[in-house]
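Naming: A, B, ... by sequence-line order, numbering from 1 per chain.
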Amino acid sequence: MLKKICTSVSKSYYYTGSTYPLNQRYLSVKIRPSTPTVTKLDEALQLFDEMLHRQPRPSITEFNRLITVMVKMKHYSTGLLLYKQINLMGIDSDLYSMNISINCHCQLNQVSYGFALLATVFKQGHPPDVVTYSTLIYGLILADQVFEAVELFKKLLTEKFCEPNQVMYGTIINGLCKVGHISKALELLRFMEAGSCKPNVEQYNTIIDNLCKDKMVDHALEIFAKMIEKGVLADVITYNSLIQGLCNFGRETEAAKLLVDMEEKGIAPSVRTYTILVNSFCKEGSVKDAEFTVQKMVQRGLDPDVVTYSALVDGYCLRGEVDEAKKVVDRMVERDLVPNIVTYSSLINGYCKKKQIDEARHLFLEIQDKGLIPNLITYNSLLQGLFHTGFLKQKEFQEAKIFLEEMINQGFSPDANTFSLLLHLTPSIRQDSPIRTILQRLAGDKRRDDKMFDSTSGFIS
DNA sequence: GTAGGGTTAG
């Protein structure tokens, strides 16, 4: 990734004809790996400044290229600011720059500003294209306005504002799945199959993955078969979704068959493919099989990543083998991998399982010193440990309450796991204020499950 | 290589 960005930036230098020594730039990124983003942003800004004052003025295309690099680095607000400056310098924007700006607003969860720019696009006399509309549809989905996204999509179709392509269909299919309307998504897939814009592997993948996640693995396998029948080639993501789906329901044997199947078809399993298996074995308690899988992936020339090792750490912790888990962490560090919050949450969970609350508490503080931010899983693990001893010692119980309040203040909404561990407390303890607040909030969340779509309405009226 | 969408971790 780093290399890719560096290449992009240096390529921009090539376009601008700058003679700035590139080696030095690579060096500066290498020497300070902890702050590469800032360095890279600085580089981009410096380049922008230079371009702005160059004579003759670079074309809008060149600015678009540079800002695209920054947007890929997720510097959306900066991208928007730069376009503002470009316009102030009297350089006209084109449809590309408008689309990039709309995307920036959407990513910043400002979809309404995106629509404001749509008006500008019309005013400037460029007709918006399928990219413009896809971006806005995606923006609505990002803002949890899937219903509005579908409405816009329908309008585009019926009024023939633009010809939807695979990306646009894919965006809607994904949005529908995100809010649990898989049958609607399937309906749209069938609509594509019947029409002129045929679905490709990405739309099939979305459906297959969501069916698997929604416990409909067999249905997913049917779609998979149908897809192959239609001549659409499966890719590694298709297999990963199916293998994951099968593993989630204890169907590891079938998952292993798919692994063989994909290799026979010349689709190389990825680190993720193996990690899914490692994780599945760990959850089942067979860390030995998980370790064996790791060995196998290394033999195939794949390097286990943080997720792979974290799964192993979790596997050992689930069995209460914290010492073994710590050895895995050492193995990670030896390979220059940095344990993350998931890794540490597992370790905290492991300590709690062994009732080593002091170690758990200590680790919780230590990782924050390292700059890691605890997440809901971390809090749940710790709370579980503390509540557990809390029955015996008032001190731990008081401490758990403090963590609970801290968790809420950090903006984490309690989930089903929090709920279940609170339910195991005695009724009198549950009356304590932070706990009561959580229970009330959970009760409220359940009521907020409103229906978004009329299940009888089709896509095209 | 000027712009938009898809998958892993308790």
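Among B:dG4, B:dG10, B:dG5, the nucleotide with an atom closest to any side-chain atom of A:Met168 is B:dG4. Checked against B:dT2, B:dG10, B:dT7, the side chain of A:Asn64 finds its nearest nucleotide in B:dT2. Looking at the side chain of A:Lys72, the nearest of the listed nucleotides B:dG5, B:dA3, B:dG10 is B:dA3. Picking from B:dG10, B:dT7, B:dT2 the nucleotide with the shortest atom distance to the side chain of A:Lys178 gives B:dT7. Considering only side-chain atoms of A:Val307, the nucleotide from B:dG10, B:dA9, B:dG5 that sits closest is B:dA9. Each of B:dG5, B:dG4, B:dG6 was ranked by its minimum atom distance to the side chain of A:Asp235; first place goes to B:dG6. Relative to the side chain of A:Tyr138, the nucleotides B:dT2, B:dG10, B:dG6 differ in distance, and B:dG6 lies closest.
Atom CZ of A:Phe153 is separated from atom P of B:dG5 by 16 Å (rounded to the nearest Å). Between the CD1 atom of A:Ile141 and the P atom of B:dG5 there is a distance of 11 Å, rounded to whole Å. Note: CD (A:Gln244) to C1' (B:dA9) measures 10 Å, nearest angstrom. What separates CG of A:Asn165 from C1' of B:dG6 is a distance of 14 Å, to the nearest Å. Summarising the geometry, the separation between OH on A:Tyr379 and C1' on B:dG10 is reported as 17 Å, rounded to the nearest angstrom. For the pair A:Asp129 CG and B:dG5 P, the computed distance is 14 Å after rounding to whole Å. What separates CZ of A:Phe419 from C1' of B:dG10 is a distance of 19 Å, to the nearest Å. In this structure, A:Ile207 atom CD1 and B:dT7 atom P are separated by 13 Å, rounded to whole Å.
A salt bridge does not link A:Glu193 to A:Arg190: none of the charged side-chain nitrogens sits closer than 4.0 Å to a carboxylate oxygen. The pair A:Lys265-A:Asp261 meets the salt-bridge criterion, with a side-chain N (NZ, NE, NH1 or NH2) lying under 4.0 Å from an Asp/Glu carboxylate O. Ion pair A:Asp305/A:Arg335 not flagged as a salt bridge, since none of the NZ, NE, NH1 or NH2 atoms sits closer than 4.0 Å to an Asp/Glu carboxylate oxygen. Ion pairing of A:Glu62 with A:Arg65 is absent here, as no side-chain N (NZ or NE/NH1/NH2) approaches a carboxylate O to less than 4.0 Å. Ionic pairing of A:Lys154 and A:Glu148 is not present here: no N-O contact between side-chain nitrogen and carboxylate oxygen is shorter than 4.0 angstrom.
In this structure, A:Val130 reaches the bases: a heavy-atom distance under 4.0 Å links it to at least one base atom across the strands shown. Note on A:Asp314: only backbone sugar-phosphate atoms sit closer than 4.0 angstrom, heavy atoms only; bases stay farther off. Residue A:Asn380 is in base contact, counting any heavy-atom pair closer than 4.0 Å across all strands shown. A:Asn205 comes within contact range of at least one nucleobase, with a heavy-atom separation under 4.0 Å. Across all strands, A:Asn210 comes closer than 4.0 Å to no nucleic acid atom at all (heavy-atom distances). A:Thr135 comes within contact range of the sugar-phosphate backbone alone, with a heavy-atom separation under 4.0 Å but no base atom that close. Nucleic acid contact for A:Thr61: base, since at least one base atom lies under 4.0 Å from a heavy atom of the residue.
Contact check of residues 338-345 of chain A against DNA chain B (heavy atom, cut-off under 4.0 Å) returns A:Asn340, A:Val342. DNA chain B is contacted by A:Asp94, A:Tyr96, A:Asn99, A:Ile100, A:Asn103, A:Gln107 of residues 88-110 of chain A, taking any non-hydrogen atom closer than 4.0 Å.
Taking all atoms of both residues into account, the shortest heavy-atom contact from A:Ile100 to A:Ile67 is CG2-CG2, 4.2 Å.
In summary, of the residues considered (A:Ile208, A:Thr275, A:Asp209, A:Ile276), a side chain to side chain contact (heavy atoms under 4.5 Å, CB included) with A:Asn240 occurs for A:Ile276 alone. The only member of A:Val150, A:Val111, A:Leu156, A:Leu142 that meets side chain to side chain contact (heavy atoms under 4.5 Å, CB included) when paired with A:Ile137 is A:Leu156.
You won't find any donor-acceptor pair under 3.5 Å spanning the side chain of A:Thr206 and the base of B:dG6, going by distance alone.
To the nearest 0.5 Å, the span separating CG on A:Asn205 from CZ on A:Phe224 amounts to 9.5 Å.
Here the side chains of A:Leu186 and A:Ile223 are in contact, with some heavy-atom distance below 4.5 Å.
For A:Phe364 and A:Phe403, the distance between ring centers is under 6.0 angstrom.
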